[in-house]
Amino acid sequence: MTYHPTGHLLLTPIDREAPVRVRRLRQLGFGDRPDPAFDQFADHLAAVTGAPYSMVNFIDENRQYFAGLHTPSGEHNGADLSAAAAAGSEVSRFMARDHGYCPHVVVRRKALVLEDVCDYPRFAGNPVVDEIGIRSYLGAPLIDRTGIALGTICVVDTEPRPWGRAGLETIKALAAELIEQIHRREDGAI
């Protein structure tokens, strides 16, 4: 566990790789605008997992950006996620770095399965639980050929979900699929 010098548990991990990640994301042209290919991938991710919300998420030093987004209404602007919000706050393609679980996935460089976030004290206190109503999360890092964790793909639900080992294997396979697409795009093959 990571503690702040005051002795308090940090809910969001320290991300020492962020500056290198930001340079790589800029090189690839990712992380600051919607991308139809990533929206399509998020739609595919939702269809495969049966999750109502899915994202292709790139993370910098201060925020997360959903370059790909799927919502139940099929709109890619993120506004309807707020309909599921317990507190009614609006959600966009941007989210603070200390909200959600993707920053943990990027720093750990490992997939994360939270069937019910309320079962984990460290994660139950995350602002997305009360502000948006998130109850389950499944995410995997997007580690490119340079070894940098660019961000994540993830799915969330407002209800607990029994993702299990099958969900874990699925999200990891889908992350590998998207990384291949990113590499083909970088090589000019797409």
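Note that this is a predicted model, so its numbers are computed, not measured.
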Participant: Charged N to carboxylate O under 4.0 angstrom, Glu17 versus Arg24?
Facilitator: no
Participant: Is atom CZ of Arg109 surrounded by more than 12 heavy atoms (other residues, nucleotides or ligands) closer than 6.0 Å?
Facilitator: yes
Participant: Has the side chain of Tyr137 got a donor or acceptor atom that lies under 3.5 Å from a matching backbone atom of Val117?
Facilitator: no
Participant: Above 12 or not: heavy atoms from other molecules or residues under 6.0 Å from CZ of Arg16?
Facilitator: no
Participant: To check you understand the geometry: which heavy-atom pair defines the closest contact between Phe66 and Met95, and what is its length?
Facilitator: CZ-CE, 3.9 Å
Participant: Would you kindly check if the NZ (Lys) or CZ (Arg) of Arg185 is within the cone defined by 45 degrees around the ring axis of Phe38 and under 6.0 Å from the six-membered ring centre?
Facilitator: yes
Participant: Name the orientation class of the two ring planes belonging to Tyr65 and Phe94 (parallel below 30°, tilted from 30 to 60°, perpendicular beyond 60°).
Facilitator: tilted
Participant: Suppose we screen for side chain to side chain contact (heavy atoms under 4.5 Å, CB included). Which residues come up paired with Glu177, at least two apart in sequence or across chains?
Facilitator: Phe41, His44, Leu174, Gln181
Participant: For Arg161 versus Pro52, what's the shortest heavy-atom pair and its separation?
Facilitator: NH1-CD, 3.9 Å
Participant: Would you name the heavy atoms of Ile59 and Pro103 that are closest together and state the gap between them?
Facilitator: CD1-N, 3.9 Å
Participant: Would you sort out whether Thr170 and Trp163 count as a side chain to side chain contact (heavy atoms under 4.5 Å, CB included), showing the intermediate values?
Facilitator: CA-CA 10 Å; Thr170 297; Trp163 304 112; over 6 Å; no
Participant: Could I get the full list of side chain to side chain contact (heavy atoms under 4.5 Å, CB included) partners for Ala111, not counting sequence neighbours?
Facilitator: Ala140, Leu168, Ile171, Lys172
Participant: Compare every heavy atom of Pro13 with every heavy atom of Arg97, then report the nearest pair and how far apart it is.
Facilitator: NH2-O, 2.7 Å
Participant: For Arg135 and Asp157, indicate whether the former's side chain and the latter's backbone hold a donor-acceptor pair under 3.5 Å.
Facilitator: no
Participant: Are the side chain of Asn126 and the backbone of His99 linked by a donor-acceptor contact shorter than 3.5 Å?
Facilitator: no
Participant: For Cys154, is there any backbone N or O sitting under 3.5 Å from a side-chain donor or acceptor partner on Thr152?
Facilitator: no
Participant: Work out which heavy atom in Gly164 is nearest to a heavy atom in Glu115; give both atom names and the distance.
Facilitator: N-OE2, 2.7 Å
Participant: Can you name the nearest heavy-atom pair linking Leu138 to Gly167, along with the distance?
Facilitator: CD2-O, 3.5 Å
Participant: With no hydrogens and no angle check, is any side-chain donor or acceptor of Asp39 less than 3.5 Å from a backbone partner on Leu69?
Facilitator: yes
Participant: Taking side-chain hydrogen bond (donor to acceptor under 3.5 Å, both in side chains) as the criterion, tell me which of Asp60, Asp144, Asp15 meets it with Arg21.
Facilitator: Asp15
Participant: To the nearest 0.5 Å, how far apart are CG in Leu45 and CG in Leu178?
Facilitator: 9.0 Å
